[in-house]
Amino acid sequence: EDRVMAQLPENDRIAGPYVAEEGQTDFPGDFPLIKADGLRVRRVRDGVGVILTAPDVTPVTVVANGFTARLAEGCVAGDVVYVYSELPVARERAHPPGGAVRTPTLEDDAVEAMALAQEARRDLGRALVVPPGEAMPSLEELAEAAGAASVAQAAAAVAQQAAGQVLDKI
């Protein structure tokens, strides 16, 4: 039997932003759900963001390349919702020493490793990165450099600029 190494569709493992309707609880995730305990929802209401995890959000209608994230509590009209994955960096499968290596275990390891790489690439793409050998500037230094009236304005400006950066490789 010919086997093909496990593959995972290229995706940043984040869906949204969705602008919620009053009472809305279901939001689509357009990426494979590797582990339910890695499911996260960021809900922004009146400019304040909160991260929801189980039991406040659960996956339903899970299929090969997506799922629906269901919130335990309905949204307020105008809430902005992002559905994403944040897999724990821990390996739960074991390969027995001196024993047979099972193909399904290797396949699961490969898919999870690909998902972790996608998430790392997504998160690094939103990070402030300085060249090797340079120290990370403080928020005060960023504020001064940006000519901002407050540290919060500078941090928002840096985050907005970093959001536009795309990395080809990790």
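Just so it is clear, the model here is predicted, and its values are computed rather than measured. Note: hydrogens, waters and symmetry copies are ignored here, and every other heavy atom, side chains too, is used. Index from 1, following the sequence.
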Original post:
Nearest heavy-atom pair of Cys75 and Ala20: which atoms, and what distance?
Top reply: CB-CB, 3.5 Å

Original post:
In the single-linkage hydrophobic clustering (I, L, V, M, F, W, Y; side-chain heavy atoms under 4.5 Å), do Val50 and Tyr18 co-cluster?
Top reply: yes

Subject >> Residue pair Tyr84 / Arg40, side-chain heavy-atom distance below 4.5 Å >> reply: yes

Original post:
Ser85 versus Glu119: any side-chain heavy-atom pair under 4.5 Å?
Top reply: yes

Original post:
If you take all heavy atoms of Pro59 and Ala36, which pair is closest and at what distance?
Top reply: CG-CB, 3.8 Å

**OP:** Would you please test Val62 and Val60 for side chain to side chain contact (heavy atoms under 4.5 Å, CB included) and show each step?
**Re:** CA-CA 5 Å; Val62 178; Val60 296; over 6 Å; no

**OP:** Could you grab the distance from atom CG of Leu71 to atom CG of Asp26, nearest 0.5 Å is fine?
**Re:** 8.0 Å

Subject >> From CD (Gln118) to CD1 (Ile14), nearest 0.5 Å >> reply: 13.0 Å

Subject >> Heavy-atom side-chain proximity of Phe31 to Phe67 below 4.5 angstrom >> reply: yes

**OP:** Applying side chain to side chain contact (heavy atoms under 4.5 Å, CB included) between Arg43 and each of Ile51, Val80, Asp79, report the one that passes.
**Re:** Asp79

Original post:
Is it true that a side-chain atom of Glu22 and a backbone atom of Ala77 form a donor plus acceptor pair closer than 3.5 Å?
Top reply: yes

**OP:** For side chain to side chain contact (heavy atoms under 4.5 Å, CB included), just list the numbers for Val57 and Arg70, CA-CA rounded to whole Å, side-chain angles, deciding distance to a tenth of an Å, and then say yes or no.
**Re:** CA-CA 5 Å; Val57 60; Arg70 179 165 293 157; over 6 Å; no

Original post:
So, for Ala64 and Pro32, which heavy atoms are closest and what is the spacing to 0.1 Å?
Top reply: O-CB, 3.4 Å

Subject >> CA sep, side-chain torsions, deciding dist, call: Leu52, Glu73, side chain to side chain contact (heavy atoms under 4.5 Å, CB included) >> reply: CA-CA 11 Å; Leu52 304 174; Glu73 185 178 303; over 6 Å; no

**OP:** State, yes or no, whether a side-chain contact exists between Leu39 and Val83 at a heavy-atom distance under 4.5 Å.
**Re:** yes

